[in-house]
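In what follows, a single structure is set out as structure tokens and then discussed.
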Amino acid sequence: MLAPSSLNSENMKKAIGYSLFVLSFITWGAIAVVPFLDLSIGMATAYTTGLLIIGEIAFFLSMVLLGKDFLMKIKKFWVKLNFFQKQRD
């Protein structure tokens, strides 16, 4: 069993933040599956819209809970991949 000191609010905040971060990526994966389900166009649109909204809210809340340091780590990761930089000749 975990000691009460290990369940402080900072650890709980980080655990919820990481869970929401993972959930945001799971929703994007689920969006990719929706077209292959046997749904009407209206239902597929509704599911896709709902998953998109849930994923974006989860991502935003995870950034709020995890803080600026985590956001900087993500930005640094994308910069390392040269994702947002122009190719030079």
Side-chain angles (χ1 to χ4, degrees):
M1 192 157 128
L2 295 173
S5 62
S6 68
L7 295 176
N8 64 19
S9 65
E10 188 65 31
N11 287 342
M12 186 62 79
K13 212 164 100 169
K14 285 193 183 266
I16 293 170
Y18 285 124
S19 299
L20 287 171
F21 186 72
V22 170
L23 176 67
S24 70
F25 284 96
I26 291 172
T27 58
W28 279 99
I31 289 171
V33 173
V34 169
F36 300 106
L37 300 175
D38 188 27
L39 299 171
S40 67
I41 293 175
M43 287 300 292
T45 304
Y47 281 134
T48 302
T49 303
L51 288 169
L52 180 69
I53 291 169
I54 290 168
E56 292 299 317
I57 290 172
F59 184 78
F60 176 75
L61 289 176
S62 72
M63 291 299 114
V64 169
L65 291 172
L66 295 173
K68 190 175 181 178
D69 293 335
F70 186 73
L71 182 61
M72 291 299 123
K73 286 180 186 178
I74 292 173
K75 287 174 82 174
K76 187 176 177 181
F77 171 77
W78 288 112
V79 168
K80 279 184 181 178
L81 293 177
N82 292 326
F83 191 77
F84 293 112
Q85 296 177 358
K86 292 183 180 180
Q87 293 289 334
R88 294 191 177 144
D89 293 332

| With F60, which residues qualify under ring pair (Phe, Tyr, Trp, His ring centres under 6.0 Å), at least two apart? | none
| Who passes side-chain contact (heavy atoms from CB on, under 4.5 Å) against L20, sequence neighbours left out? | I16, L23, A58, L61, S62, L65
| said: Taking ring pair (Phe, Tyr, Trp, His ring centres under 6.0 Å) as the definition, give me every residue that meets it alongside F70, ordered by chain and number, with sequence neighbours left out. | reply: Y18, F21
| query | Quick one: CG on D38 to CE on M43, what's the gap to the nearest 0.5 Å? | reply | 11.5 Å
| remark: For L37, the side-chain contact (heavy atoms from CB on, under 4.5 Å) test, sequence neighbours excluded, returns V33, L39
| query | Among the clusters formed by ILVMFWY side chains lying less than 4.5 Å apart, do F36 and I41 turn up in the same one? | reply | no
| Linking I/L/V/M/F/W/Y whenever any side-chain heavy atoms sit under 4.5 Å apart, do I57 and L52 land together? | no
| task | Could you tell me which residues satisfy side-chain contact (heavy atoms from CB on, under 4.5 Å) with I54, sequence neighbours excluded, listed by chain and number? | result | T27
| query | Residues two or more places apart in sequence or in another chain: which of them pass side-chain contact (heavy atoms from CB on, under 4.5 Å) with I26? | reply | V22
| field | Point-to-point distance, once rounded to the nearest 0.5 Å, from CD1 of I74 to CG of L71 | value | 6.0 Å
| field | Minimal non-hydrogen separation, P35 against I31, with atom names | value | CD-O, 3.4 Å
